[in-house]
Asker: 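The structure that follows is given in the form of structure tokens.
The analysis underlying the following values was restricted to heavy atoms, covering all of them including side chains, and did not include hydrogens, waters or symmetry mates. Per chain, numbering begins at 1; letters A, B, ... match sequence-line order.
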Amino acid sequence: MSEQIENENMVLLSASYDGIEKKACLKFYDEKTNTIKLWYDSSEHKPYCLVKKDTDEKLLETFKNEDKIIIEETKKIDLLNDKEENMLKIIADNPLIIGGMPGRSIRDRVVAWEADIKYYETYMYDKSLIPGIYYKIKDNQIIPSKFTTPKETNDMLQKGIENADDDIKEKINEWAELLSQPLPSIKRVALDIEVQSDKMDRFPDAGEARYQIISVGFAASDNLKQVIILRRNGIELGTNELEKDIDVIFVDDEKTLLENVFKIIRNYPCIITYNGDDFDLKYIYNRAIKAGIKKEDIPIQLGRIEANLKHGIHLDLYRTFLNRSIQIYAFGNKYSEHSLNAVSKAILNKSKIEFTGEIGQQTYYHLARYNFNDAEITLELTSFDGDLLMKLLLVISRITKMPINDLSRIGVSNWIRSMVYFEHRKINALIPRKDELAIDDDELKEMSSEAVIEGKQYQGGMVLEPKIGVYFGVSALDFASLYPSIIKVNNLSYETVRCKHKEHRENLIKGSKHWICDKRRGIISLLVGSLRDIRVNYYKPLPKMEGLSSDEKNLYSVVSQALKVILNASYGVLGAPIFPLFFLPVADSTAAIGRNIITETVEAARNNNIEVLYGDTDSLFIKSIDQNEIDNLISWSQKNQGVDLELEAKYRYAVFSERKKNYIVVKNDGQVIIKGLTGKKSHIPLFVREAFYEAIERLGEAETEKDFEKVKTEIRNIARESNKLLKEDKVPIEKLAFRMMLSKSTKMYKTTIPQHVRAARLLEEHNREKGDIEVMKPGDIISFVKTIGGVKPLELAKIREIDKKKYEEIMKSTFDQLLGPLGYSFDDILGVTRLEDLFWSSKTEN
DNA sequence: ATCTGTGGCCACCAGC
DNA sequence: GCTGGTGGCCAC
């Protein structure tokens with residue numbers, strides 16, 4: 001049922017294989033009509049393999065030695081229709097199979113075909129389709145839409161990359177064309193359901209779907225705000241505290257409720273949920289089947305890992321926010337727990353609505369308010385900051401060649417895999433299998449650097465010994481995208497590091513046993529290098545350019561963020577055994593060159609009489625704010641190392657202790673930046689953290705060295721005040737709670753039982769006695785307090801059980817990290833306080 | 001089924 | 001009481 005669509009600009013969202021139609025099904029988003037256009041491609045596309053007469057060994061040899069492997073078409077195997085024995089015969093006659101899913105051997109291809117899941121990869125490659133960009137369909141042909149970049153920005157790009165190598169330059173221009181396309185705003189609806197479960201079963205199984213759905217909330221980008229409520233016996237209406245524009249619809253039976261839900265879903269090309277894969281959509285589907293609704297009338301399609309829409313796409317934000325790259329690089333590690341409440345609190349500063357008792361016993365209006373609120377914050381997670389998340393996904397989709405519904409559910413190693421494989425196919429290069437890149441364990445150990453931390457695979461970044469003290473007039477310098485720069489400049493890639501050419505074995509990397517090919521550009525080096533250059537020289541400075549519209553600025557900063565995510569991951573995956581192109585020598589070489597670069601730069605600084613105070617991996621702190629000295633160092637580095645050293649900031653003063661990764665810097669405007677100190681860590685009690693931050697603020701007030709006396713007095717007052725509150729039991733117990741994440745379920749801790757696990761077990765036991773069998777899961781956060789003789793979960797502890805001495809110790813160690821480098825100690829400061837305290841408490845006792 | 005890396009500090013556990 | 005090892009959080 002191929003639909004004729006003409007002359008429209010549509011964004012390609014996803015591609016899948018329709019097993020019934022035996023056709024490719026493409027989903028395009030049409031911005032004009034706000035709908036998904038389904039496109040069944042009736043042109044022939046069969047999964048096939050090209051066969052080339054050769055042997056594996058011979059080809060591998062060639063692969064390492066030649067500039068490029070060109071695949072020649074000699075014979076096709078039709079994987080879908082050929083009989084297996086026939087295929088095997090062809091394979092026997094032609095031992096090497098390349099192509100079909102180009103680059104992969106027939107074994108991989110057959111496996112991929114059977115799994116059905118990689119279909120879009122081969123289809124999209126064959127048709128030269130890239131998800132996330134605009135197309136027209138005309139005369140049954142899919143034609144990419146053309147967008148031209150504004151002249152000013154293009155000029156800036158060309159100027160920024162004029163010194164790049166030709167191959168990199170070409171690639172950068174290709175990226176620029178792809179990434180400067182406008183970003184569509186996708187019409188979407190967020191959905192959340194509530195289920196009539198009882199207390200004993202707080203997380204009902206969606207496969208079983210035992211309880212009826214009592215409420216479904218909707219919040220959409222076109223301002224639809226609706227809750228559908230199931231009428232039940234004995235439930236009161238309650239008071240209507242909902243905003244006026246929220247529709248509450250009552251229905252009498254679940255089937256009608258579900259039909260209403262489906263009617264709404266069908267109006268939207270994109271549906272957003274929080275944990276919809278595992279719960280909401282699965283639950284709805286199974287209840288619909290139970291209610292006797294026919295499969296073909298349900299717009300939901302359940303996959304193995306993903307619940308999808310027949311007419312559109314579904315994004316499960318739970319899976320997206322679980323992604324570590326998204327968490328750290330896109331959202332700056334703002335959230336640490338992955339519940340809807342925790343994420344929305346951290347990002348939107350909005351919470352779920354609280355209620356007591358069971359959800360099934362709430363009044364209708366309270367249920368509606370609770371349910372709608374969940375749907376609304378779910379939607380808002382995609383719409384805050386000008387649809388940031390949606391746009392980020394679309395840009396990542398363009399870079400990695402993956403549909404957003406896929407990439408939003410999987411980890412970054414798979415993004416990079418998709419991006420790198422696409423590039424292989426594009427140049428008709430063979431994609432090596434894992435076993436072809438594998439190195440024998442003993443051999444690998446022999447050739448790799450020794451890690452500083454036992455149990456790690458190789459040595460990483462270098463951390464300089466800090467020079468203890470307070471320094472006024474300090475500059476922070478760092479290398480822009482150091483590891484990607486190294487990969488670019490040194491031509492690092494799995495096929496160029498330790499290449500097969502005898503003559504290159506002399507090109508040893510200093511401090512390592514690896515050598516680098518200088519005959520051809522490595523594929524990883526080209527990809528990572530071009531992405532690095534376009535970010536540093538174009539997308540990063542672009543938003544500052546004058547005369548840009550806010551849409552343009554927004555696009556550029558989103559692209560910059562997406563590139564940051566990809567670049568940060570691309571080095572890491574090469575050292576990750578799970579990555580299909582894992583090749584440790586590349587990661588090892590990258591880090592080794594990084595250590596060389598920072599060492600040489602420190603040396604160069606010394607030669608120029610610049611004192612280096614501290615440095616970590618790609619950053620240096622120098623005791624100078626002289627622009628000339630800084631510029632000299634920067635140009636030295638550019639000239640001798642080919643990497644971009646940049647001035648990050650000049651600081652009024654900096655404080656270093658003997659501890660690495662622990663320091664304080666103060667900007668000229670008084671803003672204080674703390675790194676690594678215990679006082680800022682998220683697991684310590686709020687009571688300690690608040691006092692710590694108050695003290696930190698005082699540091700911002702110090703303009704010169706002699707101001708520290710005053711600061712000291714003020715910090716003393718803060719410490720004294722806090723201690724007093726603690727002694728008088730005036731600190732609310734919640735503020736005394738440690739909060740720590742469980743990385744395993746409590747039963748899985750075997751070697752030692754840490755305190756937070758003890759607390760978690762106590763809590764589980766307590767709940768079990770109440771009849772609640774729910775246990776704590778990996779990723780859950782346990783709040784506990786230190787009591788005399790041990791720990792207790794926050795919920796079960798009384799204020800009088802608190803071990804005040806322990807908390808005083810924590811205050812001491814936290815404050816000492818701050819005071820030590822300033823030449824004071826907590827005991828000095830509190831020594832004064834203690835006398836007063838004594839005086840004070842004896843007075844009250846009397 | 002899913003999973004990017006190493007270096008460093010702190011508090012605590014468990015065994016001696 | 002000392003000490004090596006574990007687990008969590010952070011810097012890059």
Asker: In whole angstroms, how far is the P atom of B:dA11 from the CD1 atom of A:Ile684?
Answerer: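 A:Ile684 atom CD1 is separated from B:dA11 atom P by 10 Å.
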
Asker: Using the salt bridge (Lys or Arg N to Asp or Glu O under 4.0 Å) criterion, which residues pair with A:Glu465? Sequence neighbours excluded.
Answerer: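 Expected list: A:Lys660.
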
Asker: With a strict under 4.0 Å distance from non-hydrogen atoms of chain A, what nucleotide opens and what nucleotide closes the contacted stretch of DNA chain C, reading 5' to 3'?
Answerer: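 Counting from the 5' end, contacts occupy C:dT6 to C:dC12.
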
Asker: Roughly, in whole Å, what's the span from NE2 in A:His683 to P in B:dC12?
Answerer: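 In whole Å, B:dC12 P and A:His683 NE2 are 9 Å from each other.
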
Asker: Reading DNA chain C from 5' onward, which residue's closest nucleotide shows up sooner: A:Val757 or A:Thr617?
Answerer: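 Its nearest nucleotide lies further toward 5', so the answer is A:Val757.
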
Asker: Taking ring-ring contact (aromatic ring centres under 6.0 Å, His included) as the test, write out the residues that go with A:Tyr318, two or more places apart.
Answerer: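 Expected list: A:Tyr274.
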
Asker: Got a sec, which residues hit ring-ring contact (aromatic ring centres under 6.0 Å, His included) with A:Phe687, two or more places apart in sequence or on another chain?
Answerer: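 Applying ring-ring contact (aromatic ring centres under 6.0 Å, His included) to A:Phe687 gives none.
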
Asker: With sequence neighbours excluded, tell me which residues meet salt bridge (Lys or Arg N to Asp or Glu O under 4.0 Å) with A:Lys735.
Answerer: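 Salt bridge (Lys or Arg N to Asp or Glu O under 4.0 Å) check on A:Lys735 returns A:Glu690.
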
Asker: Could you list the donor-acceptor pairs under 3.5 angstrom formed between side-chain atoms of residues 642-649 of chain A and any protein atom two or more places apart in sequence or on another chain?
Answerer:
residue	atom	partner	partner atom	Å
A:Asp644	OD1	A:Gln638	NE2	2.4
A:Asp644	OD2	A:Arg532	NH2	3.0
A:Glu648	OE1	A:Tyr651	OH	3.3

Asker: Short of 4.0 Å, heavy atom to strand atom, which residues of residues 559-572 of chain A count as contacting DNA chain C?
Answerer: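 Listed by number, there are none.
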
Asker: Under the side chain to side chain donor-acceptor pair (under 3.5 Å) rule, what pairs show up with a residue in residues 571-585 of chain A, not counting sequence neighbours?
Answerer: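 Residue pairs passing side chain to side chain donor-acceptor pair (under 3.5 Å), neighbours aside: A:Tyr458-A:Tyr571.
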
Asker: A:Leu482 has an atom CG; how far is it from atom P of B:dG7, in whole Å?
Answerer: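 Rounded to whole Å, this separation is 15 Å.
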
Asker: Apply side chain to side chain contact (heavy atoms under 4.5 Å, CB included) to A:Ala562 and list each qualifying residue two or more places apart in sequence or on a separate chain.
Answerer: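 A:Ala562: side chain to side chain contact (heavy atoms under 4.5 Å, CB included) contacts with A:Leu392, A:Val395, A:Ile396, A:Ile399.
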
Asker: Can you name the residues that form a salt bridge (Lys or Arg N to Asp or Glu O under 4.0 Å) with A:Lys564, not counting sequence neighbours?
Answerer: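 Here no residue qualifies.
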
Asker: Can A:His514 and A:Arg498 be counted as having a side-chain donor-acceptor contact under 3.5 angstrom?
Answerer: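 There is such a pair between these side chains.
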
Asker: Mind checking side chain to side chain contact (heavy atoms under 4.5 Å, CB included) for A:Arg595 and listing every partner two or more places apart, or none if nothing turns up?
Answerer: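 Side chain to side chain contact (heavy atoms under 4.5 Å, CB included) list for A:Arg595, sorted by chain: A:Ser449, A:Gln459, A:Met462, A:Ala591, A:Ala592.
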
Asker: Among residues 748-756 of chain A, which residues get a heavy atom nearer than 4.0 Å to DNA chain C?
Answerer: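 Of all residues in residues 748-756 of chain A, the ones placing a heavy atom under 4.0 Å from DNA chain C are A:Tyr749, A:Thr751, A:Thr752, A:Pro754, A:His756.
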
